[in-house]
Every structure is written in structure tokens, then in C-alpha cells.
Number of protein chains: 2
Amino acid sequence: MEPSSPEVAAAPARPADSGLHARVLEHLGTAICGGELAPGSVLNIDELVDRYAVSRSVVREVLRVLASIGFIEARRRVGVMIRPASAWNVFDPQVIRWRLASAGRIAQLRSITELRTAVEPHAAYLAASRIGRDEASDLVGLAAKMWAAGEAGDEERFLHLDIEFHRRVLLASGNEMFVRLQELVAEVLTGRHKHHLMPHHPHEQALQMHADVAQAIQRRDGERARQAMVQLMEQAFDEMKSLWEQTALPDRSTDGGPTTSR
Amino acid sequence: MEPSSPEVAAAPARPADSGLHARVLEHLGTAICGGELAPGSVLNIDELVDRYAVSRSVVREVLRVLASIGFIEARRRVGVMIRPASAWNVFDPQVIRWRLASAGRIAQLRSITELRTAVEPHAAYLAASRIGRDEASDLVGLAAKMWAAGEAGDEERFLHLDIEFHRRVLLASGNEMFVRLQELVAEVLTGRHKHHLMPHHPHEQALQMHADVAQAIQRRDGERARQAMVQLMEQAFDEMKSLWEQTALPDRSTDGGPTTSR
DNA sequence: TAGATCCAAATGATATGATCTTTGAGTGGA
DNA sequence: TCCACTCAAAGATCATATCATTTGGATCTA
């Protein structure tokens, strides 16, 4: 196998990927999010042990995690039942990753975008009264860099700066829960970029609004910061509207295809 | 339904309590949230096996769950490290329960209240365009019942109606993530009640605002619904402000009693 | 026949002991 | 001093066994 050669090319996997647990968890989580395992269907441990060719320990540990995020419910004499999406911990970063990688990606993007629309303006408002001097300066600087990147048409750089900008505002809000939404925002922005929903040269308005938000926060004008962020959100929402309008409602009522079934 | 004898006092354990797993998880989760296990400190599996007198299976399953919510990180040759609060999944209902039961209760209430302030107005706005006729009628009816309960000074009933009212608005928003915040709102309202932060006779204003929200939603006037909800949130926030102001900064000058200390 | 009671299989829950894998720390040589 | 090597600690995984609960169906009684 790997006699530990000098190059060590791959050797990634710092956080949580390699390992049987992660592998099985990933597979099951994806399957449930993707609807391949429909709500109500039942698994049992031994079956999973066979299917993934791992030990009971691994399977049980995975099931405990899935249960803790509301994906399944284990009952004696019955088995492991898949629970409906309404029971899922939709704020769990892992769940969000899976959903963004599934067919429900658009719906997930929409949910998060609406959440952003609600939260970020208030975060900007709070940040205005809680941010530190240096942080505020950095924020204004970031807005300036965004302007530069926008003018230069450097989309990649703009995206990263955009993510960083919103991250800082959420951080400065001083609310631990808002801070945690930072990663969701990053996902949405990246998703928007992937779907080519951003003009090559960001709207002049958007650039100005970022600058407004930063400045208002620095001047500790919470109300103005909120207003500017609201406008920013409205524009972002409009840009993405085409996404859900083209994928609109799949009419989930009477689920036509028996799908997979396995 | 209940053929059992009249006594049968206990009869607990429907969802997730009884069982070694739940017991150990609860204990460790509480300890970490409460700061009894400081970030950076290290545990090891065998130690936990001894401490709780359970098998490794149970301990490992608990640790996997704790790891999935960011409480711990297991590393070979080292042990199980407690992670800082900044790594926690603060949206996990379980985490919120633990925190509300810990010394950080006030801070948790504050975070959630700020989140409500951000989300509920937007939820009302969205509900105005997405709610069904019957649901809207029910909402108006609920506001009316709240008025009645408020007039009658029936605090218990008012609390329940209040929770139900906000639950319905979040549900009607049509956003799965907002819906999930419903349980947090319930916790905050209950907490506010426990701390006697509500006047025995709810403010006339608050009653009127609930009615306004309901009516605006029914009339599909999103902007008005949002405004009314904003006012509602501002009042609620003001009522609770005393909570964090009295707990926020030590203020040892007029130190009445050494309080808790545990 | 209808209903209450009891039994046993199914399946998750827990326990236990062994082995594999990773990795921090110590150790020795250049 | 520094790098390579070795070793052991601790989690990760495996295999097996036993316990406990649930539930469908057989059995018994009125």
C-alpha cells in the first residue's frame, strides 16, 4: 500500500472525511436528503452492516448521529424509520451541505436567502453599536476592495471579498447565532456565483450599498446600516428570483413516481 | 385511549429519555454547556466508561453525537477534547435546551430574542402573501382570544395563545427554516413568563399589535404586517431588556448578595 | 365469535474483549 | 541541533454475545 513515500501527494482529510464513520454517514445523509430513502421507509441495522460492509459499531454510531439531527428514529422490533423533512434540523451545517448537493438545492438556497434577508439587516443594525474601531475600519476597507475588484471584473476575488464582508458584519453583530449563519451565507453566495446569477461587473448600486453599510456601521448609525443592508438583500433576492421561478413548485402533493424504492 | 389504572403515575419515556445513551448524553451535554467541562480539557473513553458505569458502545455513541454538534473533537493518542462555544451548533434544539438550563440562560434568551426580532417581521411579511384563507382566519381569531385572555388577566392562557400565535405566523411564512424557529420562540416566551417579565394585564398596545399583525396578514398587506411585528418585537425586547442589564455586567459596586456561586 | 391473555420472534440496546490505525513523544545517531 | 526511527497510548473498528422491549399472532376464556 503506502510505504510512506516522500511525496505524500494526497494526504488530505484533516477534519472529518476519511474513516468509515464519515463515509457511511455521508452516504446515508445524502440518500435521505436526496429522497432516495423516502420518509416512512424502514431500514435495519444488520442490513446496513451488510450493505456497507462495516461493523455494527460504525453503523450504530452513524445512526445515533442521524437520529440527533432528526433524520431517523429507531424503534425496537421495527427498525430504523426515515423521518419526514419536517423533523430535520435544517440549521445543521451538515444537513445544509447535503441539501445543497441534492435535488432540493434550489429550495435550500431560497430558504437561506430569505433567512439572510431577515437576519442581515438586523445584524448590520446591531453591528453599528457593537463593532470595534479597527473592525469598522477593516469593514470599510473591505467595501473599498470590493469596489476595486468589481471595477476590474475580477469575479473570483469579488466573491471572496463579498463573503468576507458579510462574515464580518455577522461577526460584529455580537450575536453568536448570527455568527453561525456566516457559513450559510457563504454557501449562498458561492451558489449564486456557480449559477451565474451575478453580472460580470457587479451593479454599481450593489457596490455603493456595501460601502454604505460599512460606513453607516462605522458611524454607528444603526438605522442607516439596516436600511442599506435591506436594499442589498432586496437586490440579491431579485437576482436570484429567476432561480426559483424556473424551478418553482414541483407540486409535491401526490408524489407521482414511486421513485427508486430500492 | 388510557385503559390503564388511575395511578400509573410515572409512565414516562416516550421519545428519548430513558436509556443509557440519553442519560449520558444529557449529563455530558449539560456539563459542557454549563462550563463544568472547560474548553480544552480532555477526557478519555475509558474514564467515561468508569464514571458512568456503562459500556464503551454507549460512550462512543454519545461522543459521536456530541462531536456532531461541535461539543468535542476526538483525536487519537490524545483523547476527547472539549471544544469552545464558538464551535457549537447553537441552532441545535438540544443545545438550546441545555443552554437555557445552564448559567448562560440569560445570554441564550438574549440571542434568541435578537434572532426573533430579525426573523419574525420578515416571517409576517412572507406570511401575508403565502397564508391560506382559513389559516388567516384562525390567526385573526387567535389574536381575538389573546385580547380576551389579556382582559381577563388569565396569564397562563395568554402565554399559550401567544406562543400559538407566533407559531402560526412562522408556519405561514412557508419557510422551513423559520418554522424550525418556532420552538425557540416558545422557549423565550415561556422564559419571559417565568421571569415575571410580563405585566399581569398585557399592555393594551401589545394586544392591539397582535391584532394588527393578524389583520394585515389576512389582508395580504405584507408591509403593514412587518411593521406591526417590528413594533411587537421592539416592545418584547424592551420588556426583557432588564434581564440582560441586570445580569450583563457584574456591577459589583452595590453587591447585594454573593448569589449562587454553586 | 369476540375479546383478553400469553408467548415467542424480531430488532434495537448494551456489554465485552480483541485487533487495527494513527500519532505524540521519546530516543539515538549523524 | 536536528532528523529518522521506535514505541506506546488512545481512538477506530470489528466480532460476538446477551439483555430488553415491542408486537403479531397463537391460545385461552366467556
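Sequence lines set the chain letters: A, B, ... in the order given, protein chains first and strands last, and positions in each chain run from 1.
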hbond_proxy A/Ser55 side chain to D/dA15 base (donor-acceptor, 3.5 Å cutoff): no

Distance (rounded to the nearest 0.5 Å) between A/Glu187 CD and A/Ile96 CD1: 8.0 Å

Spacing between A/Arg60 atom CZ and C/dG12 atom P, to the nearest angstrom: 8 Å

Value in whole Å for how far the P atom of D/dT13 lies from NE2 of A/His21: 8 Å

Within-4.5 Å side-chain heavy-atom neighbours: A/Tyr52 and A/Val59: no

Approximate separation, where rounding is to 0.5 Å, of B/Met240 CE and B/Thr113 OG1: 4.0 Å

Separation of D/dA10 C1' from B/Arg75 CZ (nearest whole Å): 13 Å

Residue A/Ile45, side-chain atoms from C-beta onward, closest of D/dT23, D/dG11, C/dG12: C/dG12

Salt-bridge present (B/Glu176, B/Arg180; N to O < 4.0 Å): no

With a cut-off of 3.5 Å and sequence neighbours excluded, list every side-chain donor-acceptor pair involving residues 76-89 of chain A.
{"residue": "A/Trp88", "atom": "NE1", "partner": "A/Arg83", "partner atom": "O", "Å": "3.3"}
{"residue": "A/Trp88", "atom": "NE1", "partner": "A/Pro84", "partner atom": "O", "Å": "3.3"}

Nucleotide of D/dG11, C/dA15, D/dC14 approaching B/Val58 most closely (side-chain heavy atoms): C/dA15

Distance in angstrom units between B/Asn44 CG and D/dA8 P, rounded: 19 Å

A/Leu142 side chain near A/Met146 side chain, heavy-atom distance below 4.5 Å: no

Whole-Å distance separating the CG atom of B/Leu20 from the P atom of D/dC19: 15 Å

Value in whole Å for how far the P atom of D/dA15 lies from CG of A/Asp50: 11 Å

Pairwise side-chain contact, B/Asp162 with B/His166, heavy-atom cut-off 4.5 Å (strictly under): yes

Separation of C/dT23 P from B/Glu73 CD (nearest whole Å): 12 Å

Minimum side-chain heavy-atom gap B/Arg64-A/Arg64 below 4.5 Å: no

Do any N or O atoms of the protein come closer than 3.5 Å to N or O atoms of nucleotides 6-9 of chain C, and which pairs are they?
{"residue": "C/dA9", "atom": "N3", "partner": "A/Arg77", "partner atom": "NH1", "Å": "2.7"}

Between P of C/dA15 and CG of B/Leu48, the distance in whole Å: 14 Å

Look for any protein N or O under 3.5 Å of an N or O in nucleotides 18-20 of chain C and output each such pair with its distance, or none.
{"residue": "C/dA18", "atom": "N6", "partner": "B/Arg56", "partner atom": "NH2", "Å": "3.3"}

Euclidean distance, A/Leu43 CG relative to A/Ile32 CD1, rounded to 0.5 Å: 7.0 Å

Nearest to side-chain heavy atoms of A/Ser57, which nucleotide of C/dT14, C/dG12, D/dA15: D/dA15

